Amino acid sequence: MPNMLLPPEERNLTPEQVEALDRRRDLGHTFLVIAGQFSVMATVLLLWVGQDLQYSPGWAHPMAYYFFLALILVTGFGVAGLVLRRGTPRLD
């Protein structure tokens with residue numbers, strides 16, 4: 001009898017498919033952790049962005065560039081992680 005707590009598309013998977021599903025979800029979890037780490041870095045960079053934009057001359061705003069790069073990475077890894085982690089989590 002299939003486990004009714006699982007979504008219908010995951011009830012009759014072969015062991016190889018279950019392993020592939022677990023690898024995909026583990027990679028998604030890894031991406032979410034990376035996004036969390038970059039969000040902490042972006043928060044710290046935010047402390048210097050205003051000063052950098054105010055006092056740096058011309059186009060020389062390295063802290064602002066690092067901050068925007070960190071935001072792009074947070075968004076990219078976060079969305080990729082959420083997409084890969086979709087579905088019911090496994091129970092160990």
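As the structure is a prediction and not an experimental result, all values here were calculated from the model.
- Note that the CE atom of Met63 and the CG atom of Leu53 stand 11.5 Å from one another [nearest 0.5 Å].
- Residue Arg25 comes nearest to Arg85 through the heavy atom pair O-CD, 3.0 Å, listed as atom of the first residue, atom of the second, then distance.
- Clustering of Ile, Leu, Val, Met, Phe, Trp and Tyr side chains at separations under 4.5 Å places Tyr65 together with Trp59.
- Between Val18 and Leu13, the shortest heavy-atom contact is CG2-CB, 3.8 Å.
- Cluster membership for Tyr66 and Leu46, using ILVMFWY side-chain heavy atoms within less than 4.5 angstrom, is shared.
- In this structure a side-chain-to-backbone donor-acceptor pair under 3.5 Å is present from Gln17 to Thr14.
- Both Leu73 and Ile34 belong to a common hydrophobic cluster when Ile, Leu, Val, Met, Phe, Trp and Tyr are linked at side-chain heavy-atom distances under 4.5 angstrom.
- Scanning both residues, Ala70 and Leu45, for their nearest heavy atoms gives CB-CD1, 4.4 Å.
- Cluster membership check: Leu71 does not share its hydrophobic cluster with Phe31, using side-chain heavy-atom separations under 4.5 Å among Ile, Leu, Val, Met, Phe, Trp and Tyr.
- Both Phe77 and Leu27 belong to a single network of hydrophobic side chains, linked directly or stepwise wherever heavy atoms of I, L, V, M, F, W or Y lie under 4.5 Å apart.
- Looking only at distances, a side-chain donor or acceptor of Arg24 sits under 3.5 Å from a matching main-chain atom of Leu84.
- Residue pairs meeting the side-chain hydrogen bond (donor to acceptor under 3.5 Å, both in side chains) criterion with at least one partner in residues 35-51, sequence neighbours excluded, are absent.
- Residues Val44 and Phe67 fall within the same hydrophobic cluster, defined by Ile, Leu, Val, Met, Phe, Trp and Tyr side chains chained together at heavy-atom separations under 4.5 Å.
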